[in-house]
Amino acid sequence: MKGKGTKRVVINFLPYECAAAEEYLEKMAQSGWRLESITGAFLKFKEIEPKRIRYSVDVLDKVSVFDSSNSNPALEYREYCHAAGWNYVCEKGKIQIFSTEDISNTISIHTDQREKFNSVFKASLPYIASQVLMLIIFTLNLHM
């Protein structure tokens, strides 16, 4: 859907798809669309001059899905990222999205890949468990 200077896209990405989401958002920026907000599975983009923007789609496992978007751990994490040169864009549950136009001088938010893997793994478990449960129920239903 397009409006004047805005575009809405339906994409429901999960915590383990963060790298793919980063690539998608960077391609959209090169096409002239900057991410503005996320509501559920709807991404809202604002039209801009095509440019290179680096995105970091990050899982903050210290935040519960029941916490408000401005809980203390989330605010502290955003301050840390802002000090490192990243601008907070929006969030979706445990997923925090940051961007920067200073691609060459901004360091990556995650320097420890093991820590990143653990936080993505912890945040992805409920989604994977629900998929396995659905598969078991479907298989049992077919068997009966």
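For this chain, numbers begin at 1 and follow the sequence in order.
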Work out which heavy atom in W86 is nearest to a heavy atom in R54; give both atom names and the distance.
CZ3-O, 3.6 Å

V132-L140 co-clustered via ILVMFWY side chain contacts under 4.5 Å:
yes

Is there side-chain contact between W33 and E47, with at least one heavy-atom pair below 4.5 Å?
yes

Hey, are the side chains of I38 and I95 touching, using non-hydrogen atoms and a 4.5 Å cut-off?
no

Does K92 use its side chain to pair, donor to acceptor, with the backbone of F13 at less than 3.5 Å?
yes

Check step by step if side chain to side chain contact (heavy atoms under 4.5 Å, CB included) holds for E91 and I97.
CA-CA 6 Å; E91 58 93 28; I97 301 176; over 6 Å; no

Which atom names give the shortest non-hydrogen contact between S99 and R34, and what distance separates them?
OG-NH1, 3.9 Å

Check the surroundings of atom NZ in K27: do more than 12 heavy atoms from other residues, nucleotides or ligands lie under 6.0 Å from it?
no

Whether the side chain of Q96 engages the backbone of Y88 through a donor-acceptor N/O pair (distance < 3.5 Å, no angle test) should be reported.
no

Tell me if a side-chain donor or acceptor on E36 pairs with a main-chain N or O of K44 at a distance below 3.5 Å.
no

I would like to know whether R52 and Q30 meet side chain to side chain contact (heavy atoms under 4.5 Å, CB included); could you show each step before the answer?
CA-CA 6 Å; R52 240 180 122 209; Q30 290 175 347; 3.4 Å; yes

Using only atom types and a distance under 3.5 Å, with no angle test, would you say the side chain of Y24 pairs donor to acceptor with the backbone of I11?
no

When rounded to the nearest 0.5 angstrom, what is the spacing between CD in E76 and OH in Y80?
13.0 Å

For H82 and F98, run side chain to side chain contact (heavy atoms under 4.5 Å, CB included): C-alpha distance rounded to whole Å, both residues' side-chain angles, the deciding distance at 0.1 Å, then the answer.
CA-CA 9 Å; H82 184 71; F98 299 91; over 6 Å; no

Side chains of I48 and I53: closer than 4.5 Å at any heavy-atom pair?
yes

Rounded to the nearest 0.5 Å, what separates atom CG in N12 from atom CG in L43?
9.5 Å

So which atom in G85 and which in T100 form the shortest heavy-atom distance, rounded to 0.1 Å?
O-OG1, 3.3 Å

